[in-house]
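Positions are given from 1 along the sequence.
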Amino acid sequence: MNYHDFEKPLYNDKFKLSICYTINIIIKINYKKQVFILNEYNKDIGNRIRELRELSDITISEIASDLNIKEETYIQYENGEVDIPASFLYELAHIFKVDLGLLLTGEESRMSIFDVTRANKGVAVDRRKEYLHENLCSKFIHKKAETFLVVVDPEKNPVPSLNSHPGQEFNYVLEGSLKIYIHNNEIILNEGDSIFFDSAHRHAMVALNDKPAKFLAVII
């Protein structure tokens, strides 16, 4: 054996291609599993919304008008075909006069003194491409506010889609930087900054500097 034998690759090109092909298959299988789980979660929430709407004797046309969205979009929500924005879930809970936790988990809120949510154990909401909401209190009954841990991914589109909901909202930036669009204003918030605003005005958040941003959101 000479010196050059040690310079030969341990694996040939065919073996490398085989490894890459196997990894791609594993990634696709895991992705399909995640999509299936998310779709089932969406359907569960959609079924609960449909049941509450029918029990409340509210038509699709009426509730779509209350949410200021197209009937076709609302039907997609009920059918579990798309993720429902957290702001719409919050508004639906008010329309149906139930706790948000019932929509998210299907269980009645029962805690009346305190409700502890362990790290990374909040109920995931609004898994759209640019947002991930984690509800930090789903079991406390008759809450005066809803609390979320929100992660915003960097958005290639400079102006994201705006949404609104009744009440007021408080945001406190935990990590990264955010640009908030609200009522023809663009406000940049960095770690440690906060904002309180009337959430009836259309608004949206975008992470800056090509990095995700995390903030605490309190909706009142």
With side chains defined as the heavy atoms from C-beta onward, is the minimum distance between P85 and N163 less than 4.5 Å? no

Does D193 use its side chain to pair, donor to acceptor, with the backbone of N190 at less than 3.5 Å? yes

Side-chain donor or acceptor of D115 paired with backbone N/O of C137 under 3.5 Å: no

Residue pair F96, L102: steps toward the side-chain contact (heavy atoms from CB on, under 4.5 Å) verdict: CA-CA 11 Å; F96 299 140; L102 178 61; over 6 Å; no

Between E134 and K121, does any side-chain N to carboxylate O distance fall below 4.0 Å? no

Tell me whether the centres of the aromatic rings in H165 and H203 are closer together than 6.0 Å. yes

Looking at CD of E175 and NZ of K214, how far apart are the two atoms once the value is rounded to the nearest 0.5 Å? 4.5 Å

For residues L189 and S194, report the shortest heavy-atom separation together with the two atoms involved. CD2-O, 4.1 Å

Is it possible for you to say whether I63 and I69 belong to one hydrophobic cluster, with membership spreading through side-chain heavy-atom contacts below 4.5 Å? yes

Can you confirm whether V152 sits close enough to F215 that some side-chain heavy atom of one is under 4.5 Å from a side-chain heavy atom of the other? yes

If you group Ile, Leu, Val, Met, Phe, Trp and Tyr by side-chain heavy-atom gaps below 4.5 Å, do I195 and L178 land in one group? yes

Could you check whether any side-chain N or O of D99 sits under 3.5 Å from a backbone N or O of G101, counting only pairs where one atom can act as donor and the other as acceptor? no

With a sphere of 6.0 Å drawn around CG of N120, does it hold more than 12 non-hydrogen atoms of other residues, nucleotides or ligands? no

Walk me through it: do N171 and I180 pass the test side-chain contact (heavy atoms from CB on, under 4.5 Å)? CA-CA 10 Å; N171 297 160; I180 296 184; 4.1 Å; yes

In this structure, are over 12 heavy atoms from other groups packed under 6.0 Å from N68 atom CG? no

Could you check whether any side-chain N or O of T117 sits under 3.5 Å from a backbone N or O of L136, counting only pairs where one atom can act as donor and the other as acceptor? yes

Tell me, yes or no, whether the heavy-atom count around E51 atom CD, taken from other residues, nucleotides or ligands under 6.0 Å, exceeds 12. no

So do L149 and L174 actually touch side chain to side chain, heavy atoms under 4.5 Å? yes

Applying a strict under-4.5 Å side-chain criterion to I, L, V, M, F, W and Y, I'd like to know whether I141 and I113 cluster together. no

What I'd like to find out is whether the side chain of I188 reaches to under 4.5 Å of the side chain of L208, using heavy atoms alone. yes

Quick check against the 3.5 Å criterion: does N185 have a side-chain atom that pairs as donor or acceptor with the backbone of H183? yes

OH (Y74) and CD (E72) are apart, to the nearest 0.5 Å, by 13.5 Å

I want to check something: taking the side chain as every heavy atom from C-beta on, are I84 and N42 in contact at a cut-off of under 4.5 Å? no

Using 0.5 Å steps for rounding, measure from the CZ atom of F170 to the OG atom of S199. 14.0 Å

Within one Ile-Leu-Val-Met-Phe-Trp-Tyr cluster: I58 and L89, side-chain cutoff 4.5 Å: yes

If Ile, Leu, Val, Met, Phe, Trp and Tyr residues are connected whenever their side-chain heavy atoms lie under 4.5 Å apart, and connections chain through other members, are I75 and L103 in the same group? yes

Measure the spacing between CZ of R48 and CZ of R53 and express it to the nearest 0.5 Å. 16.0 Å

Please test E91 against L67 for side-chain contact (heavy atoms from CB on, under 4.5 Å), starting from the C-alpha separation and ending with a verdict. CA-CA 8 Å; E91 195 165 349; L67 295 172; 3.7 Å; yes

Write down the atom of K143, the atom of F140, and the distance for their closest heavy-atom approach. CG-O, 3.2 Å

For Y77 and D83, which heavy atoms make the closest approach, and how far apart are they? CE2-O, 3.6 Å

Full working for salt bridge (Lys or Arg N to Asp or Glu O under 4.0 Å) between E81 and K43: CA-CA 7 Å; E81 297 172 359; K43 289 178 181 178; over 6 Å; no

Taking side chain as C-beta onward, heavy atoms only, is F148 less than 4.5 Å from L132? no

Grab the two heavy atoms, one from H133 and one from V150, that are nearest each other, plus how far apart they are. CD2-CG2, 3.6 Å

Which value, rounded to the nearest 0.5 Å, describes the distance between I187 atom CD1 and M205 atom CE? 9.5 Å

Looking at R202 and L162, would you say the former's side chain and the latter's main chain have a donor-acceptor pair under 3.5 Å? yes

Give a yes or no on whether the ring-centroid distance for H94 and Y90 is below 6.0 angstrom. yes

Within a radius of less than 6.0 Å around NE2 of H201, do more than 12 heavy atoms belonging to other residues, nucleotides or ligands occur? yes

To the nearest 0.5 Å, what is the distance between CD1 (I95) and CG (D66)? 5.0 Å

4.5 Å side-chain heavy-atom contact, E191 and S177: no

